[in-house]
Amino acid sequence: MGPTTRARFVHNRRRRGRRGPYAAEDASDEEEDQQEASSSSSSSDEEEEEAGEGSGGEVDDDEEEEAAVEPSGKEGSPVTAARSGRKASITISLKKVCKVCKSTGHEAGFKGAVYIDCPRKPCFLCKMPGHTTLTCPHRVAMEHGVIPASRRNTNTSLDYVFQSQVKGKISMVKPQVLIPNQLECGNIKFHQRRVTCLEFHPTKNNVLLSGDKKGLLGIWDYVKLHEKTTYDSVHSCILNSMKFDTSNDGLLYTASSDGTICSTDLETGIGSSLLNLNPNGWTGPSTWRMIYGMDFNAEKGLLLVADSFGFLYLLDRRLKTRIGHPILIHKKGSKVTSLHCNPAQPEILLSSGNDHYAHIWDTRKLEPSSPFVSLAHGRVVNSGYFSPRSGNKILTTCQDNRIRVWDYIFGNLESPSREIVHSHDFNRHLTPFKAEWDPKDYSETVAVIGRYISENYNGIALHPIDFIDTSTGKLLAEVMDPDITTISPVNKLHPRDDILASGSSRSIFIWKPKTETDATEERNKEKAKEFVYGSGSRKKSNGKHDNSSDDDSDGNSVGKKKKAKKTRFTRTVKGKGKSKA
DNA sequence: AACTAATGAATCC
DNA sequence: TGGATTCCCTTAGT
């Protein structure tokens, strides 16, 4: 793959690449409809209410019902049944059994595009009992999940230090956030298995690297859509992490569940192994070491790596050798899920683990099992990141459906500054969700993360990618497209451009901000549609995107699935106060 | 349309 | 500590 400088939009979904000040404000009214649609959702089909929890505990009084069903035949007239008296019960027959709690009287699952929770289980969103996702207070659209500052408001001396020393360095004027909410292009089934990680090339602006569960490494130039390369021999199973060598753009380090760290020269494709934790091959699950967390300390030329048994390894980049002995940094036998070196002080390390902790370490004086600071979590911690510029904040993603933020790492870290309830449950079939900072956001507040639970958008269940203001917990935007009905657990924001890359199942998508012209066009289209509907004529198929490409096989371009009425799916929640532009 | 496989963490003994 | 069991809004395949 050659240098990529030409910016040709070959076969992109959206043409106009011109950026304009993005007006997020105009969404106001249709927003309402959306909400309307999502909340009232099942207006048409009335639930047969009752029968639910009211019927109480007992379950199996209905054997005889089943018996009764049989004679009356299939859709045998319930009327006659009711008439005949004793078989009246058949009218309520077809007993519902909840697939979650196995009791009768209610059913959990999708009803159209709306998922109905089992009322006997705690809320699937916030995990608290007493209500379901549909009525969860954290689901309220705009506030999507903040637990308002569990933080003490006392002004300690540390807070003073924070105010005087740190705040000055962080821009307090929030820059305008340009949300890449418009699907630009996609690469369907680029991978054979689900995507597990994404990384933008540090210098080549349009190059995206991706890894999957099989260990495949993909390189894709999303401007020259046809420029794709894959390496299938680098790893033999899950590619968990990728890091570029900051002193050599062409060199990529990869960490895998096969227990190896590899460096790959992206120009030549030549790779070499830096570490193999399973030199004797497979000798059973109790000995097989997997590598999830990895980061690069540029200052020291040091690669930090952690395995699934709780150990940290230090590798010298040049010598390609281990330094010292492995050090236990999480509960013995538990997986270390992520590592991150502080961008301002690379010797400060943040580790997250399956033992429900995130730890802060000073790599200059590593003592097994005695971190500098421990951050307790409710469940497995999927990831922990220092803020991208100052390194003064910490953002973690935990399987208890909470995103946690610590505002100042040298302050009181006993409890997080904020916990933000957000749906990103663990599911063994999904790549773990990780909230990621926006590297371009000087104020270090914006984070992006995919959402697990779906919302009903005009009759179709979609799983948006959420942009969250971590300083308030407010949902800044939810990004989605009616063609993408799968969950997007992997998301990465471009270090310089207003671009979002997302990995959803086996596909990869590129998103850009909706331009002024896009918005106008859409509005006009909407108007036209109203007109057509108003005049009673049927609308013919709506604007199909041009498929003008060569290279059919593994399809560039966005695939179609269910087609929904295409209204405004990429909804941007209006961000108040950032209208300057 | 209705099934299945793949397969990680919690829970229970 | 360790093995069996369970599971919850998955996805792509048959």
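Excluded from the calculations below are hydrogen atoms, water molecules and symmetry mates; all remaining heavy atoms, backbone and side chain alike, are included. Numbered from 1 within each chain, the chains take letters A, B, ... in sequence-line order.
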Check against salt bridge (Lys or Arg N to Asp or Glu O under 4.0 Å), A:D307 and A:R289: CA-CA 6 Å; A:D307 71 10; A:R289 291 173 183 271; 2.6 Å; yes
A:D483 atom CG is separated from C:dT11 atom C1', nearest whole Å, by 17 Å
Taking the minimum atom-to-atom distance to the side chain of A:L430, which one of C:dA12, C:dT10, C:dC9 wins? C:dT10
Counting only heavy atoms from other residues, nucleotides and ligands, does the tally under 6.0 Å from NZ of A:K331 exceed 12? no
Exam field: side chain A:N401 to backbone A:H424, donor-acceptor pair closer than 3.5 Å: yes
At under 4.0 Å between heavy atoms, which parts of nucleotides 6-13 of chain B does protein reach? Answer with one letter per nucleotide, 5' to 3': B base, S sugar-phosphate only, - none. BBBSSS--
I want to check a possible cation-pi pair here: A:K332 against A:F309, using under 6.0 Å from ring centre and within 45° of the ring axis as the test. no
Tell me every residue that passes ring-ring contact (aromatic ring centres under 6.0 Å, His included) with A:F386, counting only those two or more places apart in sequence or in another chain. A:H340
Using a heavy-atom cut-off of under 4.0 Å over every strand shown, decide if A:S505 touches base, sugar-phosphate, or nothing. sugar-phosphate
Any A:R506 side-chain nitrogen or oxygen under 4.0 Å from OP1 or OP2 of C:dG13: yes
Nearest-angstrom distance, C1' atom, B:dT11 to C:dC9: 22 Å
Applying salt bridge (Lys or Arg N to Asp or Glu O under 4.0 Å), run through A:R451 and A:D466 and close with a yes or a no. CA-CA 7 Å; A:R451 195 193 304 173; A:D466 291 328; 2.8 Å; yes
Picking from C:dC8, C:dG13, C:dC9, which would you name as closest to the side chain of A:V100? C:dC8
